[in-house]
Amino acid sequence: MNRLSFFLLSAFMLMLCACDDNVQLFRDAALQLDNTRHTLTDEFDYWPDCGIRVTGSHLASLISLEGLQKLLPCPLFVSGPHDAENGVWDLENPEQFGHYNPKAIQYLADLAEKVVADAAFVKMSQGLVDEYLYDKMHVMMVLHDALYDEKLPDYMGYDADDPRYVREDIFKDLLASNGGGISAAPVFANCMNLSAPPRDYYPFWDLNHLYFWARRWSDGTIDLFYKALSTVFKAYYPTYDFNLDRYWQEPEYYDYEEDEA
């Protein structure tokens, strides 16, 4: 589960890591989404019908952690097990996860806005984003927007008006269980009607995405990551308009009495 920071960052670094001097480098990389390679040898390759893990594995072949750090004016992490300067990810650490530097994420979010402001580039790369990144970005957008929706407390059965209390329950549940979720998080995930790869491949698809948001809530960068993600996503999919009613589905309960009858 500690790989999630790596996976999501890899998935979006191609959208974020451009400045006036390296726009062409960014464009060249982004236009190679159909020419990536699998870099995590211990993972089965389901690309592109996959989750964050395999997506990150492929996108890491286009730009490295060390390369990303060189593009930034400040350290990428303020704490955690990863060594960005030397390009070393600690992906198996059960105790720690990387805490991103808010200044670095703000820098990347600002760059994302400049990059996707180029309508010609967006049009040129639309097909590749549709095929390789849309589903992952979409699920992240929907989960975040649902967590901040004012209707969420009622949908989850909470006696509170502020979705913050529900959101914090979900995040604390995930952080305490190292991403597994034992109470609020699984209920929320099971009620979100999201398209996903086959469940036998990724039985924890929704929880894995939620766990990333929980970590970003914990390290204080959730708003900055969402700003970057939504800027990119809405540039490619401007008609996106979140409505909790569209995604919420009541969980199915097994009727033991009817079965016994």
Side-chain angles (χ1 to χ4, degrees), residues 1-12 40 42-44 46-57 59 80-81 89 91-100 133-149 151-153 155-158 163-219 221-222 225-226 229 233 242 244 246-254:
M1 300 301 293
N2 282 319
R3 299 180 176 186
L4 290 177
S5 297
F6 161 64
F7 302 137
L8 191 69
L9 182 66
S10 296
F12 297 120
L40 294 178
D42 61 337
E43 299 289 338
F44 193 88
Y46 291 109
W47 173 262
D49 298 322
C50 57
I52 294 176
R53 182 170 299 180
V54 175
T55 298
S57 171
L59 297 182
W89 295 99
L91 303 178
E92 303 294 343
N93 195 312
E95 304 296 333
Q96 301 181 60
F97 62 88
H99 287 238
Y100 288 101
L133 296 180
Y134 167 76
D135 54 346
K136 276 73 76 174
M137 290 196 293
H138 178 247
V139 71
M140 292 299 297
M141 288 289 296
V142 169
L143 290 175
H144 180 282
D145 290 344
L147 288 167
Y148 282 80
D149 194 284
K151 298 178 182 178
L152 185 60
Y155 278 67
M156 287 283 290
Y158 279 65
R164 174 183 54 185
Y165 299 108
V166 186
R167 187 165 62 244
E168 290 185 358
D169 273 358
I170 293 170
F171 288 158
K172 289 176 180 178
D173 179 21
L174 288 164
L175 292 168
S177 60
N178 290 325
I182 57 176
S183 56
V187 171
F188 173 77
N190 289 336
C191 289
M192 296 303 295
N193 184 19
L194 293 166
S195 297
R199 294 283 175 167
D200 55 341
Y201 297 164
Y202 303 103
F204 303 109
W205 164 271
D206 299 334
L207 285 179
N208 286 347
H209 289 79
L210 276 175
Y211 193 27
F212 177 85
W213 285 132
R215 289 182 167 188
R216 302 294 68 82
W217 172 75
S218 178
D219 71 16
T221 60
I222 188 170
F225 264 97
Y226 181 73
L229 170 62
F233 188 77
F242 177 77
L244 186 58
R246 185 181 308 132
Y247 293 99
W248 192 267
Q249 60 181 7
E250 291 298 324
E252 295 183 3
Y253 296 101
Y254 188 77

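- To the nearest 0.5 angstrom, Arg167 atom CZ is 10.5 Å from Asp149 atom CG.
- Interatomic distance, Arg246 CZ to Asn193 CG, rounded to the nearest 0.5 Å: 11.5 Å.
- In this structure, the separation between CG on Leu152 and CZ on Arg164 is 13.5 Å, given to the nearest 0.5 Å.
- Closest non-hydrogen pair, Gln249 versus Met192, comes out as NE2-O, 4.2 Å.
- Judged by a 6.0 Å distance limit and a 45° cone about the ring axis, Arg215 is positioned over the six-membered ring of Tyr211.
- Taking the six-membered ring for Trp, Tyr148 and Tyr226 have ring centres at least 6.0 Å apart.
- Between Phe212 and Phe225, the two ring planes are perpendicular [angle over 60°; tilted spans 30° to 60°].
- Annotation for Met140 and His209: closest pair SD-CD2, 3.2 Å, computed over non-hydrogen atoms.
- Counting only N and O atoms by type, the side chains of Asp145 and Tyr247 include no donor and acceptor under 3.5 Å apart.
- To the nearest 0.5 Å, atom CH2 of residue Trp213 and atom CG of residue Leu143 are 9.0 Å apart.
- Phe188 is listed as a side-chain neighbour of Met156, based on a closest heavy-atom distance under 4.5 Å.
- Ring geometry for Trp217 versus Phe171: interplanar angle of 30 to 60°, hence tilted.
- Using a 4.5 Å heavy-atom threshold, the side chains of Trp47 and Thr55 count as touching.
- In this structure, the side chains of His144 and Ile222 come closer than 4.5 Å at one or more pairs of heavy atoms.
- The shortest side-chain heavy-atom distance between Asp173 and Pro186 falls under the 4.5 Å cut-off.
- In this structure, Leu229 CG and His138 NE2 are separated by 11.0 Å, a value rounded to the nearest 0.5 Å.
- Of all non-hydrogen atoms in Ser218 and Leu175, the two that sit nearest each other are CB-CD1, 4.0 Å.
- Taking CG of Asp135 as the start and CG of Asp49 as the end, the distance is 7.0 Å to the nearest 0.5 Å.
- For the pair Arg216 and Asp219, the salt-bridge criterion is met [side-chain N within less than 4.0 Å of a carboxylate O].
- Within 6.0 Å of OH on Tyr158 lie more than 12 heavy atoms contributed by other residues, nucleotides or ligands.
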